[in-house]
Amino acid sequence: MIAQEWSKVSKELRQELGESSFKSWIEPLELIAVENGVARLRVPSRFVGDWVKRNYHDRIVAGLRREHADLSQLEFSVAGNSSPRPAKPAAPVADSAEVLEGAPLEGRYTFDNFVVGKPNELAHAAAKRVAEGGPVTFNPLFLYGGVGLGKTHLMHAIAHELHQTRPDLQVLYLSAEQFMYRFVQALRDRQIMDFKNIFRSVDVLMVDDVQFIAGKDSTQEEFFHTFNALVDQNKQIIISADRAPGEIKDLEDRITSRMQCGLVVDLHPTDYELRLGILHRKAASFAENLGPVHVGDGVFEFLAHRITNNVRVLEGALQRLFAFSNLIGQQITLDMAQDCLSDLLRSSDRRVTVEEIQRKVSEHFNIRLSDMLGPKRARNIARPRQIAMYLAKELTSRSLPEIGRRFGGRDHTTILYGVRKVEEMRATDSQLAEDVELLRRLLQS
Ligand code: ADP
Ligand code: MG
């Protein structure tokens, strides 16, 4: 009887609230009794009870009133407990220190090991500032960028530095996936108050790869509340994602806008200089472990030119060369690199074609593809053409003569001139530099 009533009301709620809210909040409820104007519901946890009370109380009362005109109030009891549990006092920080342990930190992800270049200097500076542990000036710090550009590295570096300089602060680093996992586990084990207390007691919270929670409604919800609670207490939050807040699909608008309230900085794709810097730094640290290894002329340059997508891949390539050289007891040469990395090099070849570059660049500058390939020398055509040449050199593994052939049969010296010209102009012409960066991103995405 009562079960039927409840099933009717909950059916309506399912319609109104949508599947995911229904599943999180209504489905777990069980109507036990209605008497003296009070409906008693069993809930799996106090958290769910509070939530339902806050958000759906009136709606549930209205539904049940059809059969019980005098009904005015809901009462929740946690399953397994005969009487409602009194709210627990906040767990003292010292007690929760153990539970507070976040994901393990990678020891080598320090600021010292982070090579700074143009594409990441802003992100680096912002991370450094946060790592000083001074007054919170921007909240959150939102770092975003493609895979393998150093987001996790910077977050770990912040944690390492704070451990050193501000041991009094509770610093918690974890991935959004782990956040969700803990949240779900807490719901299941009815430990949600502990969960909340733990997260609200940290001084610095870092959540990595937050795009992961997009579309996962109750996790987003909880994240949002945790986030707000910490911001209200003036605690520092650092978030990373693979794209800008506004570009994350299925992330709630209110979360997006909170994210945009702080400092949003992106890690740009690496440029040639940065890749070269990273290779030199890495080689030095490999050599420390393996003993001195001779790296032949042009090997670093070759790698920095050819492996352009992701620092992790670049590191992996170098590591493979060192391991190989160590194994066979020979120096690292250009030939060896080509042989040993042929699979990697082939896969980066496939990434972008010269034709794609020409097409995208023409579109961007609003010129005809035929003009890009043709003989016209007017600046508004010649400049985009040079940019396309430059990108072809940077993003593909074609040689200059090969690129020349694809630019309407131009000589390789013309291509070289174009590439140099753009390299030069990038340093002085910020508009051009921006165009080039944007195109590079478009092409590499
Ligand atoms: P993301 O989290 O952005 O996907 P990671 O932080 O995991 O990228 O970086 C991938 C790898 O590249 C890591 O081993 C990291 O140490 C290295 N790396 C990325 N950027 C740099 C840099 N600027 N200097 C040194 N190492 C870097
Ligand atoms: Mg990462």
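Position 1 is the first residue of the sequence, and the numbers go up from there. First listed ligand is number 1; within each ligand, the first listed atom is number 1. Just so you know, these numbers come straight off a predicted model, no measurement behind them.
- Residue contacts with ligand 1: L274 is placed with no nitrogen or oxygen under 3.5 Å of a nitrogen or oxygen of the ligand (distance criterion only).
- The protein non-hydrogen atom at the shortest distance from atom 25 (C) of ligand 1 is N113 O, 3.3 Å.
- In this structure, T308 OG1 and D271 CG are separated by 11.5 Å, a value rounded to the nearest 0.5 Å.
- Cation-pi check for K196 over F199 is not met; the charged atom does not lie both under 6.0 angstrom from the ring centroid and within 45 degrees of its normal.
- Counting only heavy atoms of the protein, atom 18 (N) of ligand 1 lies nearest to V311 CG1, 3.3 Å.
- Under the 3.5 Å distance criterion, the side-chain polar atoms of R42 are left unmatched by any main-chain donor or acceptor of F76.
- Comparing heavy-atom distances from atom 17 (C) of ligand 1 across H153, E106, R312, E315 singles out E315 as nearest.
- Ligand 1 is approached by R108 to a heavy-atom distance shorter than 4.0 Å.
- Although no hydrogens or angles enter the test, the distance criterion places a donor-acceptor pair under 3.5 Å between the side chain of H153 and the main chain of T110.
- With hydrogens left out, the protein atom closest to atom 13 (C) of ligand 1 is Y109 OH, 3.4 Å, a heavy atom.
- Looking only at protein heavy atoms, the nearest one to atom 2 (O) of ligand 1 is T152 OG1, 2.8 Å.
- Here atom 22 (C) of ligand 1 lies nearest to V115 when heavy atoms of D242, T110, V115 are compared.
- With a 6.0 Å cutoff to the six-membered ring centre and a 45° limit on the axis angle, R182 does not count as a cation-pi contact of F195.
- For the atom pair CZ of R426 and CG of D435, the computed distance is 11.5 Å after rounding to the nearest 0.5 Å.
- A donor-acceptor pair under 3.5 Å is formed between the side chain of N139 and the backbone N or O of K235.
- Backbone and side-chain nitrogen or oxygen atoms of G148 are examined, and one is located within less than 3.5 angstrom of a nitrogen or oxygen of ligand 1.
- The shortest N or O to N or O distance between V147 and ligand 1 is not under 3.5 Å.
- The protein atom (non-hydrogen) at minimum distance from atom 8 (O) of ligand 1 is G150 N, 3.1 Å.
- Taking every heavy atom of I278 and a limit of under 4.0 angstrom, the matching atoms of ligand 1 come to 21 (C), 22 (C), 23 (N), 24 (N).
- Side chain of E161 to main chain of I158: no donor-acceptor pair is present (N/O by atom type, distance under 3.5 Å, no hydrogens or angles).
- By the criterion of a heavy-atom distance under 4.0 Å, the side chain of N120, and not its backbone, is placed next to ligand 1.
- At least one N/O/S atom of T152, whether from backbone or side chain, sits less than 2.8 Å from the Mg ion (ligand 2).
- Between the E222 side chain and the V184 main chain, no donor and acceptor come within less than 3.5 Å of each other.
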